[in-house]
Amino acid sequence: MSSPPLELRGVARRYSTEAGTLEVLRGVDMALQAGEVVALVAPSGTGKSTLLHVAGLLERPDGGEVLVEGRAAGTLGDDARTEIRRSTIGFVYQFHHLLPEFTAAENVMLPQMAAGVGRSKAAERAKDLLGTFGLAARLDHRPGKLSGGEQQRVAIARALANAPRVLLADEPTGNLDAATAELVFAELLNEARHRGLAALIATHNNELASRMDRVVTLRNGVLVPG
């Protein structure tokens, strides 16, 4: 049996503050299977972003291990972690973090070219992905000329550019109005399922969470069902 695309085993994360040590994650266990879309629900300030950052190899755990396709990756060196992020993990933030000086197509091309894909092939994939999200007419628009929903769809396309096995999303619709959030979420969910990704999506929206395969809640530094 193949290993889960993403697995967390006893993951701990703590920070030093003026008031002492703050334990944010106290032993998180979770496995994401291919094709599974999981909602991560928790109030603000309880560690959702920290959990996603550790799972996405943006932060190192202080205890436990992060396994990506069965490979212990949480404590690898920076270069190895960067390579895994580039090839295997897609990340979508609440705020799109698009590069303002580049067009929509170029923003989707950049991670591909960083991974060694040629410019023409990267441009073709960017065109296809952005077309999937209804942005075929916006390829040459810079972020400042796009609506909030369009910018977030570009960000999702960018996260999918290198065909990741794992998709992590941190409140991807939290900065959008209700109608736009619904549209963007539906497209994100469809793409995750269509591509067979192991997806963990943080959201405050219980209605959106209920449409995913299962819901986990971060409570007192550990994950519990529902």
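The side-chain heavy atoms of Lys48 and His204, taken from C-beta on, include a pair separated by under 4.5 Å. A 4.5 Å side-chain heavy-atom check between Leu168 and Ile89 finds at least one atom pair inside the cut-off. Residues Arg214 and Pro225 have side chains not in contact (no heavy-atom distance under 4.5 Å, counting atoms from C-beta outward). Here the side chains of Arg165 and Val68 are not in contact, with every heavy-atom distance at 4.5 Å or above. Residues Val166 and Leu200 have side chains not in contact (no heavy-atom distance under 4.5 Å, counting atoms from C-beta outward). Within the 4.5 Å cutoff, no side-chain heavy atoms of Ser3 are placed close to those of Glu69. Residues Val24 and Tyr15 are in side-chain contact: their nearest non-hydrogen atoms beyond the backbone lie under 4.5 Å apart. With contacts defined as side-chain heavy-atom distances shorter than 4.5 Å, the pair Leu129/Leu160 qualifies.
Between Leu188 and Pro172, the closest heavy-atom pair is CD2-CG, 3.9 Å. In terms of heavy-atom proximity, Leu130 sits nearest to Ala157 at CD2-CB, 3.9 Å. Shortest non-hydrogen contact noted between Val54 and Val11 is CG1-CG1, 3.8 Å. Nearest heavy atom pair, residue Gly47 against residue Leu25, reads O-CD2, 4.2 Å. Looking at every heavy atom in both residues, Met109 comes nearest to Ala126 through CG-CB, 3.8 Å. Among all heavy-atom pairs drawn from Arg193 and Val37, the shortest one is CG-CG2, 3.8 Å.
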message: I'd like to know whether Val38 forms a side chain to side chain contact (heavy atoms under 4.5 Å, CB included) with Glu36, so could you lay out the CA-CA distance, the side-chain angles of the two residues, the decisive distance to 0.1 Å, and finally the verdict.
response: CA-CA 6 Å; Val38 177; Glu36 183 182 36; 3.6 Å; yes
- request: Go through His141 and Thr103 one step at a time and tell me if the side chain to side chain contact (heavy atoms under 4.5 Å, CB included) criterion holds.
  value: CA-CA 5 Å; His141 287 62; Thr103 66; over 6 Å; no
- prompt: What do the steps show when you test Leu6 against Thr88 for side chain to side chain contact (heavy atoms under 4.5 Å, CB included), and what is the final call?
  reply: CA-CA 10 Å; Leu6 178 67; Thr88 309; over 6 Å; no
message: The test is salt bridge (Lys or Arg N to Asp or Glu O under 4.0 Å); show your working for Arg13 and Glu23 and say whether it passes.
response: CA-CA 6 Å; Arg13 187 72 174 101; Glu23 290 190 88; over 6 Å; no
- request: Please test Leu40 against Val215 for side chain to side chain contact (heavy atoms under 4.5 Å, CB included), starting from the C-alpha separation and ending with a verdict.
  value: CA-CA 6 Å; Leu40 172 61; Val215 179; over 6 Å; no
Arg60/Asp78 under salt bridge (Lys or Arg N to Asp or Glu O under 4.0 Å): CA gap, chis, key distance, verdict: CA-CA 10 Å; Arg60 296 179 187 276; Asp78 290 342; 2.8 Å; yes
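Atom-to-atom distance recorded for Ile201:CD1 and Leu167:CG is 6.0 Å, nearest 0.5 angstrom. A distance of 11.5 Å separates CG in Leu98 from CD in Glu150, rounded to the nearest 0.5 Å. Leu223 contributes atom CG, which lies 7.5 Å from atom CG of Leu8 (distance to the nearest 0.5 angstrom).
A side chain to side chain contact (heavy atoms under 4.5 Å, CB included) with Thr132 is found for one member of Glu187, Glu191, Arg153 and no other, namely Glu191.
Of the possible polar contacts, one joining the Arg81 side chain to the Leu57 backbone as a donor-acceptor pair under 3.5 Å is found. Looking at Gln152, its side chain never comes within 3.5 Å of a backbone N or O of Gly148 through a donor-acceptor pair. Not one N or O on the side chain of Asn107 forms a donor-acceptor pair closer than 3.5 Å with the backbone of Val154. Remark: side-chain polar atoms of Asp62 are paired, donor with acceptor, to backbone N or O of Arg14 under 3.5 angstrom. Side-chain atoms of Ser210 come within 3.5 Å of backbone N or O of Glu207 as a donor-acceptor pair. Not a single donor-acceptor pair under 3.5 Å links the side chain of Gln112 to the backbone N or O of Asn162. A donor-acceptor pair under 3.5 Å is formed between the side chain of Thr203 and the backbone N or O of Asn205.
Counted by atom type alone, Asp170 and Ser49 present one or more donor-acceptor pairs between their side chains at under 3.5 Å.
Clustering ILVMFWY residues whenever any of their side-chain heavy atoms sit less than 4.5 angstrom apart, transitively, puts Leu52 in the very cluster that holds Leu58. Connection of Leu183 to Phe133 is not established within any shared hydrophobic cluster, with ILVMFWY side chains joined at heavy-atom distances below 4.5 Å, either directly or through further cluster members. The hydrophobic cluster containing Met113 does not contain Val108, counting ILVMFWY residues as joined when their side-chain heavy atoms lie under 4.5 angstrom apart, directly or transitively. Under a hydrophobic clustering in which Ile, Leu, Val, Met, Phe, Trp and Tyr are joined whenever their side-chain heavy atoms come within less than 4.5 Å, directly or via other members, Leu67 and Met30 fall into different clusters.
Other residues, nucleotides and ligands contribute at most 12 non-hydrogen atoms within 6.0 Å of the CG atom of Asp79.
Salt bridge annotation for Lys145-Asp140: absent, with no cationic side-chain nitrogen under 4.0 angstrom from a carboxylate oxygen. Electrostatic pairing of Glu101 and Arg142 does not count as a salt bridge here, judged by no charged N lying under 4.0 Å from a carboxylate O. Ion pair Arg9/Glu7 flagged as a salt bridge, since at least one NZ, NE, NH1 or NH2 atom sits closer than 4.0 Å to an Asp/Glu carboxylate oxygen. Under a 4.0 Å N-O distance rule, the pair Glu124/Lys121 does not qualify as a salt bridge.
Between Phe91 and Tyr93, the ring planes are parallel. Angles under 30° get that label, and only those over 60° would be called perpendicular.
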